[in-house]
Each structure stands twice: as structure tokens, then as C-alpha cells.
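Nothing here was measured: the structure is a model prediction, and the numbers come from that model.
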Amino acid sequence: MTAATHSTLFPRVPDSADAVLDGLDPEQRAVATALHGPVCVLAGAGTGKTRAITHRIAYGVRAGILQPSSVLAVTFTNRAAGEMRGRLRQLGAVGVQARTFHSAALRQLQYFWPKAVGGSLPRIVERKVQLVADAAAASRVRLDRNELRDVTAEIEWAKVTQTVPGDYAAAAARAARDTPRDPAEIAKLYEAYEEIKRDRVVIDFEDVLLLTVGILQDRRDVAEQVRAQYQHFVVDEYQDVSPLQQRLLELWLGDRDDLCVVGDASQTIYSFTGATPDHLLDFRVRHPGATVVKLVRDYRSTPQVVHLANGLLSQARGRAADHRLELVSQRPPGPEPIYADYADEPSEAEGAARHIRALLDSGVPAAEIAVLFRTNSQSETYEQALADAGIPYQLRGAERFFDRPEVRRAIHALRAAARFGANDSRLDDVVDLPSQVRAVLSGEGWTGEPPAGSGAVRERWESLAALVHLAQDFATVGPDVTLTDLVAELDERAGAQHAPTVQGVTLASLHSAKGLEWDVVFLVGVAEGMMPISYARTDEQIEEERRLLYVGVTRARERLFVSWALSRSPGGRPSRRPSRFLDGLRPGSTATGGRNGGPGGAGGVERGFGSAGRGGAAGAVPVARRTQRTVARCKVCGRTLTDAGEMKLMRCEDCPSDMDEGLYERLREWRAVQAGRSGQPAFCVFTDRTLMAIAETVPEEPEGLARIPGVGMRKYRRYGADVLAICAGQEVGEDEAKG
């Protein structure tokens, strides 16, 4: 479930450009108002990146700075593109193109093919597996079902990395690919596959990008026409860009630099498809004048969930880890994550089902619960456990919502009612839109109460109920919305595969869960051999598995359950152990590896060289560029510090302290007053460790206070004057204590 569907789906359109900026935090506002030159947004999980970039586009359009038809926003899934279009429409930015890379390229390819090549565009094959099978037969190579799938994936990887058959073996070796067959044999199959496509005059999904790149490179007139159409580009999920997509983006841009990219290197989980975070991490190298904005305020998850997420990344290594973002939860405290082991996998699934039943009985909606696993093969055990417990569920990645027969019939019925409703007796006594939809769908099998059980009848009812809920949300747009308007909304959503929420527990792989969120998340099978997966051997592969678990953790808003089984089957030898990624994080465990030195990146804005005078962000928050991170050492004994609390004190826990006890107590009394006035826990003002660090340092100047870990610019602005006064021995009066 996305953030958009969690709140009101259809808010009122802001009445002015300035109103578009209402409700944005300082960093999001900096993104929204940085409308010229290259902009790089490093956005942690749950920090509102989609909100920031859609408000950026809408503000530029509403302020007359950007022409809607000149903006191209690209992302990676139809669902994300559909959600972006919906948000832009709600903000009054109609006419902006929001598409996937493939959709945008296909549109251009279809338009320019007759001019650049001649004739009509070849047919695009839906599934390339059959062509690969034909190539194997022609090459006299026997492939079983799994090998056929894996060789197909290798061909896809080669194409998105712009590798031709003759170069495949060397490229696979450089990339340390774990190839399913001998690389020379795969290269032979790849070449045969390309020959079959040429003979049959068909192209595949990757060819859409390759051919578009080829035309833009070879035909200057076509490239100039595309660049005249689009002057401003926004790229979401930039850490997932492949070399081929990056090349297409460069051709769209030409020699211009009006580009905004958004991403998080810590959420790079698709490298097996050719995605690489290097383009994101090297953005400042390619664009020295870029504005970089870091979003770290996490509005999704509780401090407890965020603490676990930060802890996972604190032990990471590699280039992506060097650029990690330290999330700061903006939500009230919640329950601690629950860790559990089970004797075997069926017991683990039954345990999850019991917890879910208790949550449902306590009032948690089924649509706000997800069970996430590493591989799709784990799904069946959980499907059976939920069915046995009478719990409705939906399997993400199964049949698409708008392709379901009952949904197609329901939309047909709604379209007919919109056209001929005056002759439909069911609509005689209903006026508002939700009542009309309920009346029409009652003829398709919808009832006010769900049917018993969890079989096909329940699944059909859940699909219709999702349309009823969507109608209720759509009605909030205004009193004048009609059934015709709703049908148009459904048609647009169907085209983008932007499905409404189905009221069932979600079962999904960790990869397919990216971009979604739920109140309650069960992370299951978190054991060695599954997380990290057994075939992850290199350091890079292991770190990607860690990032995958990080993505899973950050899907949870409030409650998180983490579990593993000691054996696969009942009666099996209990030889499994929990994932190494949990070492030092779950109760009773200790970290087995050294942590990445120093804390993660803080939020804020960094201006690139030469960015002044480029129409920079009004209201942006100037934050000093971070200096090179250094190893934290104890100021008493000199030992390297890895514990976050010790780094805050800049000394070992057991090293002698020269803390001013009286000052510490005065700071605690002041903090209690502040917490009482703001209605938040005391640690949200300053933690005990931060107060101890202040009492040991006794800063006299603002710079000294701001440098203390745990203070930062945001808290300094709010509390700095009070704290410095207390450190100077002054009394803080009633007015000052209000903060």
C-alpha cells in the first residue's frame, strides 16, 4: 500500500503556486524550488521523495517557470508513473508527461520510425522465453526450464549493459556474473536469439531502448526535435538506472543540464538486471554545479523501526554504504521489533498466521499487513497457513488487478450505468457517487458483508470492494464528481496498472515490495542461506542482500515481526541460524564484523560550484558541506569508537568522565519542561547521552554546541539559546523555556 492510498486519495487542488509548497519540510521545499540546473535528491526510505518531486514539478508549472508539455518525468514501473500522474493532477499540473523509460522510448520510436527507418515498427514480443528456446534448439543446446529462464535473464542483462554477443563472455567475467551455463555457450545462444528476431521481424523489450538510442545518435534532426519538445527532465529511482537507460537520458538532454534525479544508493537491489548506483553517486562528478538535497526525515516508520534500519546499514561496506543516509523518524515511538525463531518453516508460517489473526481481531485492517519473503517459492507455505486460518490475502505479482475478469465486468457495468443510468432502476433512489457504485456492483456480486472463507468467491468480492473503496475516496474530490468521472479515472488507472487497494493481507517478495508500505510487516525466513541467499558469494552480492533486507524493514510503519526457522521441514535437523545481518541488532546477539566508521549522512542542501545565480531555491536551507568523515576515537584512551552512544560522548563507556554533574541535572530539568510543553517524550528533545556530552564539553559558543553529536542544526535553532544560557550558569525564564 502506498502513501498515496493510505491518506485521502483525492485532495483539493491548491489555489496558487505558493499553496503547492504548503506542508513541505525545509528540505522538500528546497527540492521543490530548485528549478534550474542539475539537482540531485538523495532521499532515504519514507522521506517523501515522490511528494518532493511532484510538488517541484507542480510548483514550476503553477508559477509559470515550466511549461507542462516540456517536462518529462520518468520512473521504472507503470504503477509509479500512474501515481505520479495522479499526484500532479491533484496539484493542478495537467499536461506533464510521467512515464516509464520504456513507455517514453516506445512513444518516440513509434512516432519517428517511419521517418528514420521507413515502414511500420516491428512487432514487440511479449515473452522472449520462447524465442530463447527456439535459439537453443537451433544451436543444439538442451536447456531445462530453469536454465531457459536464467539464460533469458542473461540476454536481458547483456542488452541493458549494451553488450553485444561477441563481447558477452568478457563482460560477464568483468562483472563477476554467476552464469547459468558456460559464457561462450550463452554468447552463442544470444547470437542465435538475435538472428531469429531478425528473421521473424520482431523486437523485444530491450530493443525499444536500443533502437531509440540508435535513432537519436544517428539522426541529428530527430534528436533536435525531441530536445525541442522536452527541456526539463526528472528521473525517479535513479539508483536503478542501467547503462542503456543512462545513455538514452543523455541523448534526451543533449548539452543541457536541466535535470533532477532522485534516488537512494542504499536501496539498490536490482543490480542483477544491470542497474547500478554509480550514475547517482557520480552525479556531482558529471555536474560539478549541481545542487544536492538530502532527505532524511522519515515520515513513514516509528523510531524503533528506523533504529533497526539504520543499524543494518551501519554495518554495511562498499561504495553505497559510504553514501548512506541516517534516517531520523518523525513519528511517535512505537513497539520494538519482535524477533522469533521456529522449529521449521510450516511452524513459522503458522506463527505468522496466529499473529495476523490477533491483529485483525484487534482492528488492524488486512490491507495494512504484509508478509515479505526472499523468494517466490516461499509463498505457498504462507498461502496455506493464511487460508487455514481463514485470513484473506492477495499475492503481489500474480494476476494484475485490472486483468481480473470480475474487475473487467465491473468496469463495463459502471461504464454502462454512466451512459444509460437514467434507465437503470437501481439508481432511482441514490444520489451520491459511492451509493451509485454500490448499487451497480451489487449486480456483479458485491455485498455489504464479505463472504466466509478465503477462496475464489472471497477474492472476487475483495476486487469489487476495492472499487467501492476507491469510489468513496474519489467522491472527496468535490460534490460534482460523476460516475462518468470515476470511469475515466478507472480507465487511466488501468492503462497505468495503478490498482486500488484490495482488502487482504499482502504476500510479496522483498523485490516486489519496493515502493510499498504497510502498518505491519512480517519479515519471514530471515536465516542464513536465505538472507543472504546461498548463491550470494561476493562482497558486492552480500551487500546487495543487506540492502534488500533494509528495504524490507523500511516497508513497516508501526510494527515489525522478524522470524526464521531452524530447519526446513518438521523433524529436520535444527542447523539453521538467523541471518548475519541481525548480529548485534537482535536481542542477545553481538556484532561479528566491524562497522562502517562514523554516522550516516545528515539531511540538508549542498550547493555546487557555480550554482549561485542560477535561479536557486527560494527558502532553501543552507547547510555547510560535510567534511570528509574521519574515524571516531575516544578522547580519553584513543580507542576507535563504533557504538553510537560512545561516539556521541566521544569516549568509551568505561573511561573516566569529567562531566559537570550539576549542569547535567539542570539540563535534565530544563528538558523535562520542554518535553511537557511539546507533548513529546524527553528523548525527542535531547537524549541522555547528548545531555551528558553537553555537560562534559560545556560549550561557550554556538559552533561548539552545534558540533556535539545529537544536536545538529535543527535542534540548535530550536534549543541552542537555552542550552548555551544554562551552560553559562544563567537562569532560563518562563518565556525562554517555551522554546
Which heavy atom in A309 sits nearest to a heavy atom in T554, and how many Å separate them?
CB-CG2, 3.7 Å
Closest non-hydrogen atoms of L523 and V526, given as atom of the first, atom of the second and distance, are O-CG2, 3.6 Å
Measuring from atom CE of M531 to atom CZ of R580, what distance do you get when rounded to the nearest 0.5 angstrom?
11.0 Å
Could you tell me whether the side chain of S329 and the main chain of V306 form a donor-acceptor pair under 3.5 Å?
no
Would you name the heavy atoms of A32 and L21 that are closest together and state the gap between them?
CB-CD2, 3.7 Å
When you measure from the side chain of R29 to the backbone N and O of L24, does any donor-acceptor pair fall under 3.5 Å?
no
Does the side chain of L724 reach to within under 4.5 Å of the side chain of I726, using non-hydrogen atoms?
no
Distance, nearest 0.5 Å, that separates CD1 of I57 from CZ of R62:
14.0 Å
Heavy-atom closest pair (T54 atom, L91 atom, distance to 0.1 Å) is O-CD1, 3.8 Å
Intermediate values then yes/no, side-chain contact (heavy atoms from CB on, under 4.5 Å), T276 and V241
CA-CA 6 Å; T276 171; V241 166; over 6 Å; no
Would you mind reporting whether K514 and E237 have side-chain heavy atoms less than 4.5 Å apart?
yes
Taking D583's backbone N and O only, do any of them form a donor-acceptor pair with Q315's side chain (distance below 3.5 Å, no angle check)?
yes
Measure from the side-chain N and O atoms of Q330 to the backbone N and O of R297, and report whether any donor-acceptor pair falls under 3.5 Å.
no
Answer with yes or no after comparing the ring centroid distance for F283 and H287 against a 6.0 Å cut-off, counting only values under it.
yes
Can you measure from OG (S301) to CZ (R555) and round to the nearest 0.5 angstrom?
8.0 Å
So, do E336 and L560 sit near enough that their side-chain heavy atoms are less than 4.5 Å apart?
no
Given the options L281, T47, L280, V262, L42 meets side chain to side chain contact (heavy atoms under 4.5 Å, CB included) only with L280
Tell me, do Y716 and P702 make a side-chain contact under 4.5 Å, heavy atoms counted?
yes
Any carboxylate oxygen within less than 4.0 angstrom of a Lys/Arg side-chain nitrogen, looking at E545 and R547?
no
Using distance alone, with no hydrogens and no angle criterion, decide if Y238 and D264 have a side-chain donor and acceptor under 3.5 Å apart.
no
Whether R51 side chain and Q28 backbone form a donor-acceptor pair below 3.5 Å:
no
Which value, rounded to the nearest 0.5 Å, describes the distance between Y339 atom OH and L582 atom CG?
6.0 Å
Sub-4.5 Å side-chain heavy-atom contact between V328 and D298:
no
Is there a side-chain contact between H55 and R87 in this structure, where contact means two heavy atoms from C-beta onward sitting under 4.5 Å apart?
no
Does a salt bridge link R546 with E543, judged by any charged N lying under 4.0 Å from a carboxylate O?
yes
Verdict with supporting geometry, E326 and R324, salt bridge (charged side-chain N to carboxylate O under 4.0 Å, His left out):
CA-CA 7 Å; E326 185 94 8; R324 70 185 180 87; 3.0 Å; yes
Taking it one step at a time, do T506 and I369 satisfy side-chain contact (heavy atoms from CB on, under 4.5 Å)?
CA-CA 6 Å; T506 299; I369 303 173; over 6 Å; no
Kindly check if the number of other-residue, nucleotide or ligand heavy atoms within 6.0 Å of CD (E665) is above 12?
yes
Give a yes or no on whether the backbone of V685 and the side-chain of K715 come within a donor-acceptor separation of less than 3.5 Å.
yes
Is a side-chain donor or acceptor of D660 paired with a backbone partner of A695 at a separation under 3.5 angstrom?
no
Value rounded to 0.5 Å, distance of SG in C727 from CD in E700
9.0 Å
For atom CZ of R559, is the number of surrounding heavy atoms from other residues, nucleotides or ligands below 6.0 Å larger than 12?
no
G552 versus L510, closest heavy-atom pair with distance
CA-CD2, 3.6 Å
Could you check I338 against V562 for side-chain contact (heavy atoms from CB on, under 4.5 Å), going step by step and ending with a plain yes or no?
CA-CA 6 Å; I338 293 176; V562 184; over 6 Å; no
Would you call D282 and R319 a salt bridge, using N to O less than 4.0 angstrom?
yes
CG-OH distance between D240 and Y270, expressed to the nearest 0.5 angstrom:
6.5 Å
Is there side-chain contact between F233 and D258, with heavy atoms separated by less than 4.5 Å?
no
Derivation of the side-chain contact (heavy atoms from CB on, under 4.5 Å) call for Q304 and H307:
CA-CA 5 Å; Q304 287 74 16; H307 178 72; 5.7 Å; no
Could you pull out the closest heavy-atom pair between P699 and I694, with the gap in Å?
CD-O, 3.6 Å
Going by heavy atoms in the side chains, are V41 and K49 under 4.5 Å from each other?
no
Expected output: side-chain R56 to main-chain T33 donor-acceptor under 3.5 Å
no
Holding to salt bridge (Lys or Arg N to Asp or Glu O under 4.0 Å), I want the full list of residues that pass it with R300, two or more places apart in sequence or in another chain.
E517
